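To start, the structure under review is shown below, and the notes come after it.
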Amino acid sequence: MDPQAGAVKFVDLQAQIRSLQPALSDAMQEVLRRGDFILGEAVTAFEAEWARYCGVKHAVGVDSGLSALELALRAGGIGDGDEVITQANTFIATVGAIMAVGARPVLVDCDEAGQVDVAAVERAMTKRTKAVLPVHLYGKIGDIDGVLKLAGQAGLRVIEDACQAHGAIYAGRRAGNFGWAAAFSFYPAKNLGAFGDGGMLVTNDDDVAEAVRTLRNYGSKVKYEHVAVPLNHRLDTIQAAVLRVKLPHLDGWNARREYLADAYREHLSNGPVGLPASTGEGRHVYHLFVVQAAQRDALRAALTAQGIETGIHYPLPLHAQPVLHGLGYHLGVFPNAERLAAHSLSLPMYPELPLEHVERVAEAITGWGSRRQAA
Ligand SMILES: *Cc1c(COP(=O)(O)O)cnc(C)c1O
């Protein structure tokens, strides 16, 4: 390794911004010129484009992925006294949405790869269960057929947390197509990211779309007449304008992520870390490239010392989060989620990541493994 080489960043948003100028600045200037900052032309246009991209009937722009999840639950009339099942290894937002509507989050273990475990969901169902929120974690869709079958039999809503899975494919259909509704986030570092917060609710159900359009805008369909809980969760026009410039590039960026993932796999095939299962059927969009190492913290420190940034998604499973202690879970109950929290390491991954950086990361990991074996 060249000790003079620069740092290997985990994500570099500037690289993408540079590649899309001046289109990004022009799009933002256009919003300034029009002055339609709230629910303006670019919001309507981007909603139509995102719905078409996902292959769904409706897309409703909101201010975050969390809001998309929350408004989907509200549209389903889910609240006090209801239970909603999700996996213990997701980001806090999934559970935050359930808490926001006053329902009880019911956590279940994930499978060994971090995807939804349908049998665990089935065991957690009670007569109070109203919905299941499977999470397409890291950019991969798990056994959504199994979830849909179970939910169909039990009359439960399925709301996809697709906040890491823009463009992911399962059985020929894109994320967002499977549930009663689905939520996307346009947080800047997501596969499709805004210049701030943003999100989208997608659905094929006319009533859900209508309800969320009302809910995001002070519960009003007609100005100053409020028929639902008055909340403000609108997508900013300027964010929609930015996202419209980026959307045509999403498939290319996802293809580049797959290419980089393949490169990691090739260079690390005999290495000291566990690799994510290869894509197989469908399309994994690698929001994150997550490897497993028993000595994860030592490996991470070794990489940091060589100027390589990494991430941990997520260091605490949800049942160990202080804010969720009231749910009464104890460590030991979700072994897969706990093992993933202890052993997962997310390697640098973004479309503009140079291939040389993948090679440098792989060399550093392999070198660390050999030194450990020799020690
Ligand atoms: C990013 C993310 C969210 C929430 O998105 P925000 O836009 O930050 O509210 C929800 N769930 C998962 C799995 C995410 O990764």
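All values reported here derive from a predicted model rather than from experimental measurement. Both counts, for ligands and for their atoms, begin at 1 and track the order of listing.
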I need the nearest protein heavy-atom contact for atom 9 (O) of ligand 1: residue, atom name and distance, please. Leu66 N, 2.9 Å
Would you check whether His136 reaches within less than 4.0 Å of ligand 1, judged by its heavy atoms? no
pair Leu243-Trp50: side-chain heavy atoms closer than 4.5 Å: no
Select one of side chain, backbone, both or neither to describe which atoms of Val135 lie under 4.0 Å from any atom of ligand 1, heavy atoms only. side chain
To check your reading of the model: name the closest protein heavy atom to atom 4 (C) of ligand 1, its residue, and the distance in Å. Ala93 CB, 3.6 Å
May I ask whether Asp161 places a heavy atom under 4.0 Å from ligand 1? yes
Taking 4.0 Å as the limit for heavy-atom contacts, which would you say applies to His287 with ligand 1: side chain only, backbone only, both, or neither? neither
Tell me, yes or no, whether the heavy-atom count around Asp206 atom CG, taken from other residues, nucleotides or ligands under 6.0 Å, exceeds 12. yes
the protein heavy atom lying closest to atom 8 (O) of ligand 1 turns out to be Ser185 OG, 4.0 Å
Could you tell me whether Gly65 and ligand 1 have an N or O pair separated by under 3.5 Å? yes
Does the plane of the ring in His319 sit parallel, tilted or perpendicular to the ring in Tyr329? Use 30° and 60° as the thresholds. perpendicular
In the protein, what heavy atom is nearest to atom 2 (C) of ligand 1, and what distance, to one decimal place, separates them? Lys190 NZ, 2.6 Å
Full working for salt bridge (charged side-chain N to carboxylate O under 4.0 Å, His left out) between Glu49 and Arg52: CA-CA 5 Å; Glu49 288 157 5; Arg52 196 174 324 122; 5.7 Å; no
Begin with the C-alpha distance, continue with both residues' side-chain angles, and end with the deciding distance and a verdict on ring pair (Phe, Tyr, Trp, His ring centres under 6.0 Å) for Tyr286 and Tyr264. CA-CA 12 Å; Tyr286 294 103; Tyr264 270 128; 9.4 Å; no
Can you establish whether the number of heavy atoms outside Tyr314 located under 6.0 Å from its atom OH is more than 12? yes
Under a 4.0 Å heavy-atom limit, does Ser64 contact ligand 1 with its side chain, its backbone, both, or neither? both
Nearest protein heavy atom to atom 15 (O) of ligand 1, by residue and atom, and its distance? Gln164 NE2, 2.8 Å
Glu47 and salt bridge (charged side-chain N to carboxylate O under 4.0 Å, His left out): which partner among Lys57, Arg234, Arg216? Arg216
Are Asp262 and Arg265 close enough for a salt bridge, meaning some N to O gap below 4.0 Å? yes
